[in-house]
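Let me begin by presenting the structure, written as structure tokens, before commenting on it.
Residue numbers count from 1 along this sequence. As the structure lists them, so they are numbered: ligands from 1, and atoms in each ligand from 1.
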Amino acid sequence: MYHKQLKPFPKDFLWSASTSAYQVEGAWNEDGKGPSTQDVFTPPEGTTDFKVTCDHYHHMEEDVRLFAEMGLKAYRFSIAWSRVIPEGRGKVNEKGIAFYNRLIDELLKYNIEPIVTMFHFDLPLTLAKEGGWSKRSIIEDYKNYARVLFENFGDRVKYWLTINEQNMMILHGGLIGTATATGLKDIYQQNHHMLLAQAEAMILCHEMLPDAKIGPAPNISNVYPASNKAEDCLAAENWTSIRNWLYLDAAVKGIYNPTAWAYLKENNATPDIEPGDMDILKAAKPDFIAFNYYNSTTVAAADPEAELKTDKFDKKKVVSEPGVYQAVENPNFAKTPFGWEIDPVGFRITLRQLYDRYHLPLIVTENGIGLYEELDADGKVHDDLRIQFYEAHIWEMQKAITDGVEVFGYSPWSAIDLVSTHEGFRKRYGFIYVNRDEFDLLDMRRVPKDSFYWYQQLIRGNQIPERTVNR
Ligand code: BG6
């Protein structure tokens with residue numbers, strides 16, 4: 001739909017930026033922090049680990065000062081479960097609590113709203129060794145952890161995100177270092193436990209913090225059929241249900257999506273559901289949906305007799321399931337230097353699909369572009385590609401708002417350069433450059449990129465700054 005004039009962004013729109021604990025903090029074994037699964041994850045050869053990253057733990061005040069200078073209205077970060085409760089359950093680490101207290105206070109000093117992800121890919125290692133999300137007792141562990149967070153930070157944190165990208169952990173856990181499953185049945189049992197843990201946390205949050213808001217944070221992307229053939233359209237429907245709605249139907253409506261359930265049955269992978277489980281899912285009501293969007297997906301029908309296919313670079317990533325769907329490239333899109341398709345219009349479509357389906361306010365908790373970058377001769381970073389990427393996506397978000405979608409915040413990835421899930425420090429996402437290489441830590445100097453000043457201008461004006469770029 002073409003609009004002659006776009007609605008302005010709401011006055012109190014949360015212009016934000018995102019990070020996650022294990023990707024920025026470093027200090028992986030300091031001040032009583034227990035190890036997490038990410039601390040023992042072996043990254044691909046030639047790629048750095050998460051032990052230091054951009055050392056935010058030791059640069060926190062400086063980083064927050066820069067976030068304030070950029071004009072952020074909000075900052076989305078995650079709390080490392082094993083920094084707060086080193087073994088995942090039991091003893092609380094006061095120094096961990098103190099760090100997040102300082103971070104939250106520092107943000108509030110500059111009127112930056114803290115948005116907290118309670119769990120972002122870094123399960124305490126002790127719990128993982130016991131079976132992690134496969135064990136039903138982890139629901140109680142997560143609930144107790146949630147209670148510790150609400151007790152300690154609930155007086156100042158109003159926005160809570162339960163679990164980051166649960167769907168990516170289930171679908172691509174090998175790639176992002178979270179997989180512990182022994183097969184499809186086990187992974188969907190883990191999924192069921194995560195859904196229950198999330199539901200318990202939402203219920204508890206509403207009991208303990210009546211003024212706070214809480215919601216899930218999956219990765220959602222719209223799925224195109226490769227052609228207008230009915231079979232391709234059906235494959236797109238299949239994948240949409242398995243990739244997107246399985247997670248959100250459970251989180252919002254407290255039900256298992258029927259198509260996804262049929263897929264699980266077909267694969268003997270339905271989770272064991274105990275009496276009362278579905279009541280818990282139904283009782284939990286999110287206040288909003290947070291979602292991460294990087295790109296769309298395109299699929300074709302997949303012959304039931306064909307073989308299951310994995311990604312040519314990453315054998316752990318399934319890209320085709322016989323009889324269900326087959327991922328294909330979409331020739332209509334340009335790609336990032338890391339091969340991710342760029343689809344801003346798909347972002348608008350995704351926003352509309354989510355709002356149409358669930359009628360809940362939306363916040364975008366990740367969106368961004370990974371680039372190879374270095375300091376230029378003038379000591380700066382001219383990341384025009386990033387500005388173009390954001391401009392195009394924010395423009396489409398404004399169109400979605402004009403379409404009638406209720407969006408209350410945008411939190412791109414990432415506030416500052418950090419270690420990518422599996423492609424190291426060389427894949428930079430930040431508004432702020434950090435002067436280190438893949439393995440050489442150099443001086444860790446912070447340098448605002450051109451996009452930093454562009455975003456600053458956008459936030460100040462509450463609108464996309466005028467540029468010569470062709471829209
Ligand atoms: C999301 C994650 O999947 O995408 C982030 O929530 C991640 O943790 C981001 O960093 C970008 O992906 P990648 O693989 O390029 O780091």
Side chain Y145, main chain M118, donor-acceptor under 3.5 Å
yes
Give the residues near ligand 1 by chain and number, with the criterion being a heavy-atom distance under 4.0 Å.
Q23, H120, F121, N164, E165, N292, Y294, W340, E366, W413, S420, T421, H422, K427, Y429
Looking at F41 versus F121, is the centre-to-centre ring distance below 6.0 Å?
no
Side-chain donor or acceptor of N238 paired with backbone N/O of T259 under 3.5 Å
no
So, for F431 and Y390, is the gap between ring centers shorter than 6.0 Å?
yes
Quick one: closest heavy-atom pair of K33 and W28, and the distance?
NZ-O, 3.1 Å
Between W239 and Y325, what is the ring plane arrangement, given parallel below 30°, perpendicular above 60°, and tilted in between?
parallel
